[in-house]
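These notes are about the structure you will find just below.
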Amino acid sequence: MAYQKLTPRSENYSQWYNELVVKADLAEQSAVRGCMVIKPYGYAIWERIQAGLDARFKQKGVQNAYFPLLIPKSFLSREAEHVEGFAKECAVVTHHRLMNDPNGKGVVVDPNARLEEELIIRPTSETIIWSTYKNWISSYRDLPILCNQWCNVMRWEMRTRLFLRTAEFLWQEGHTAHATKEEAEDFAQQMLDVYADFVESVMAIPVLKGVKSPNERFAGALNTYCIEAMMQDGKALQAGTSHFLGQNFAKSFDVTYLTKENKPEYVWATSWGVSTRLMGALIMTHSDDNGLVLPPHLAPIQVAIVPIFKQQEQLDAILTKINPIADQLKALGIRVKVDTADNMTPGFKFAEYEMRGVPVRLAIGARDIENGTIEVARRDTLTKETLPIDGIVEHITALLEEIQANIFKKALDFRIANTRNCDSWEEFQTEIQKGGFLACHWDGTPETEEKIKELTKATIRCIPLDAPAEEGKCIYSGKPSHRRVIFAIAY
RNA sequence: CGGGAUUUAGUUCAGCCCGGUUAGAAUGCCUGCUUUGGGAGCAGGAGGUCGUGAGUUCGAAUCUCGCAAUCCCGACCA
């Protein structure tokens with residue numbers, strides 16, 4: 001038994017995470033620092049995230065498009081705040097040709113192939129998109145423009161972790177242009193709702209919907225909406241953002257339209273995105289010391305069926321029982337894998353499907369054939385029971401929904417249990433280190449937030465959209481406050 | 001950008017202090033037999049420019065110096 005268990009979460013949470021990502025076959029380190037290879041199983045999960053969101057975007061009238069990877073350097077300096085936010089982490093293309101090394105050692109950059117204007121590998125695409133939208137928009141009849149792109153972006157991070165923070169990552173970025181402020185602001189909120197609905201109902205990750213404080217706001221935005229999730233170690237993770245950009249980019253890139261009254265107006269903008277970071281959120285919300293735990297609505301394989309057999313004849317006999325079950329499940333749209341591989345023992349397969357988070361596992365052998373039974377194991381509770389084959393399809397259909405609901409509830413209960421009010425600065429300083437969300441009063445100034453961050457590493461994760469009005473005193477400055485905001489230590 | 005560590009088989013590592021036949025183990029892989037209800041067993045087999053460049057030496061995985069890459073912990077950031 002050379003097989004190694006994961007480091008338990010209680011022992012070293014971040015080591016547990018790193019091992020899980022690799023052992024569940026989701027991703028691995030690449031030859032390039034900070035960049036990851038997403039393996040087929042991990043990518044299958046990402047594809048399901050993509051498919052679910054993409055369908056929801058289209059219901060909102062959003063169309064997909066594609067804008068280039070490379071952005072002229074000059075574009076980035078058009079919006080001052082925006083460039084300040086990203087300048088430190090941009091990769092720059094300076095040359096367009098290689099040549100044989102005159103000293104005979106492979107290839108070198110051809111010094112004569114320097115670009116007239118350097119190109120930036122997109123850290124995000126606002127600038128290239130707005131320089132393009134300028135040409136697309138002339139009349140109120142051209143609005144709104146609702147575009148999204150699925151692509152990669154690059155931010156040269158000092159320190160990276162698979163999925164959570166990589167130098168290159170996959171995401172979608174939606175960019176919309178509207179005639180009025182109200183419409184843009186409303187659209188940004190609608191997209192936040194799309195994210196929250198998807199993340200909660202498909203990924204089973206409970207999220208807080210809120211607004212970012214000025215310090216945490218996207219560079220160049222007037223308002224940043226976000227969904228915040230709580231990981232099992234009590235840290236916060238921003239799972240998605242939607243920005244109301246006002247007219248900042250319209251003004252920087254001179255994007256105007258003519259109103260019905262034939263007056264030129266700047267357009268109003270939004271942008272919104274989620275990234276492969278959602279994979280990190282998924283892992284850290286549900287998984288346990290045995291590996292990944294996937295919500296059935298998202299799992300690439302929802303039901304794995306493991307026949308237990310000695311000879312081919314036995315397998316054939318078992319398959320006559322299994323195949324109809326698999327076919328019925330597939331007909332109901334359930335993703336099933338029948339694992340007939342004979343080079344792995346059943347025990348190995350059990351452990352493997354557990355590590356990969358497959359929600360339901362069925363096992364059936366000679367004993368079951370005699371008894372007309374099948375063993376059903378569920379990943380979320382790690383329990384198994386032997387049930388009659390009759391009615392198994394109905395049982396599984398219901399079980400998948402039960403698992404989906406159960407893991408969402410478990411995550412929600414955890415968040416509730418680890419969210420508390422805090423009204424004393426003394427208490428805050430010790431409580432915040434224990435993890436979880438602290439709902440506190442805040443005087444609304446960036447200075448106070450900055451100071452709190454400096455002293456405790458905690459930031460305001462969001463001002464919840466449903467935060468009730470409540471008079472109180474700022475946890476740090478004692479100045480008056482009208483509602484509680486959520487503080488936490490974040491990824 | 002600071003601090004620490006690592007670099008030898010596909011993977012995880014031993015060997016280095018104290019230089020010396022053909023560089024080892026486990027696991028994985030291939031072949032055969034036997035097995036299969038929680039990570040099976042036996043036998044055989046393939047697999048290595050010891051990160052890189054110099055130096056010391058009759059001789060370097062091992063000693064010296066340089067360089068690079070990666071990982072972890074901080075600072076910074078989605």
Side-chain angles (χ1 to χ4, degrees), chain A residues 1-7 12 14-15 17-19 22-23 28-36 84-90 105 123-124 153-171 173 212 215-219 221 224 226-229 236-243 271-281 290-291 306-312 314-315 318 339-356 361-371 373-375 377 382 384 386 453-454 457 459 461 490-491:
Chain A
M1 262 220 292
Y3 140 80
Q4 305 242 318
K5 276 188 177 302
L6 292 174
T7 299
N12 185 336
S14 83
Q15 196 177 333
Y17 175 87
N18 291 340
E19 290 176 8
V22 172
K23 289 187 176 169
E28 62 188 34
Q29 300 287 352
S30 71
V32 181
R33 195 199 89 97
C35 294
M36 64 179 162
E84 206 187 313
F86 290 105
K88 286 171 290 186
E89 45 192 27
C90 286
K105 296 190 174 176
T124 179
V153 289
M154 176 158 265
R155 298 179 189 174
W156 207 266
E157 297 290 347
M158 288 300 189
R159 187 153 168 228
T160 60
R161 290 186 72 188
L162 294 174
F163 290 120
L164 290 176
R165 174 167 294 108
T166 44
E168 180 193 20
F169 56 93
L170 305 185
W171 77 346
E173 47 180 326
K212 285 292 188 192
N215 282 8
E216 298 285 319
R217 193 182 285 156
F218 176 71
T224 289
C226 63
I227 49 175
E228 290 284 330
L237 188 137
Q238 178 177 301
T241 52
S242 182
H243 314 289
S271 71
W272 28 276
V274 299
S275 71
T276 34
R277 194 179 218 202
L278 275 179
M279 298 283 292
N290 294 305
V306 178
I308 295 155
F309 59 98
K310 292 193 169 91
Q311 291 85 30
Q312 185 64 36
Q314 259 180 329
L315 174 60
I318 293 169
D339 190 346
T340 56
D342 63 357
N343 59 337
M344 286 170 282
T345 61
F348 184 93
K349 292 177 184 176
F350 294 169
E352 192 70 11
Y353 287 120
E354 229 157 71
M355 183 62 80
R356 290 167 170 246
R361 186 185 71 235
L362 305 179
I364 181 165
R367 219 154 64 204
D368 294 297
I369 299 288
E370 268 179 45
N371 302 332
T373 57
I374 191 160
E375 184 186 83
L382 293 169
K384 342 186 241 199
T386 301
K453 184 178 180 184
E454 194 187 310
K457 291 182 187 167
T459 49
R461 298 324 301 154
Y491 273 97

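These values consider heavy atoms only, across backbone and side chains, with no hydrogens, waters or symmetry-generated copies. In the text below, chain A, chain B and the rest are named by the order of the sequence lines, each starting its count at 1.
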Determine the interatomic distance between [atom1] on [N] and the same-named atom on [M]; round to the nearest Å.
N	M	atom1	value
B:rU12	B:rG48	C1'	16 Å
B:rG28	B:rC13	C1'	14 Å
B:rA5	B:rG20	C1'	31 Å

Assign each of A:A490 and A:N18 to its nearest nucleotide of RNA chain B by heavy atoms, then name whichever residue's nucleotide is nearer the 5' end.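 So the residue in question is A:N18.
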5' priority, RNA chain B, between A:Q311 and A:S30 [closest heavy atom]: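 The answer here is A:Q311.
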Could you tell me whether [X] contacts a base, only the sugar-phosphate backbone, or nothing, with contacts defined as non-hydrogen atoms closer than 4.0 Å?
X	answer
A:E354	base
A:T166	base
A:S14	sugar-phosphate

Dot-bracket encoding of pairs in RNA chain B, which uses [ ] for pseudoknotted crossings and | for another strand, Watson-Crick or G-U under 3.5 angstrom: (((((((..((((......[...)))).(((((.......))))).....(((((..]....))))))))))))....
So if I take every side-chain heavy atom of A:Q29 and compare against B:rG38, B:rC71, B:rC77, which nucleotide ends up nearest?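 Given the options B:rG38, B:rC71, B:rC77, the side chain of A:Q29 is closest to B:rC71.
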Where the side chain of A:K349 meets the backbone of A:A341, is there a donor-acceptor pair that is under 3.5 Å apart?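 Yes; judged by distance alone, with no hydrogens or angles, the pair exists.
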Would A:R165 and A:Y491 count as a cation-pi pair here, with the cationic atom under 6.0 angstrom from the ring centre and within 45° of the axis?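 No, A:R165 does not sit over the ring of A:Y491.
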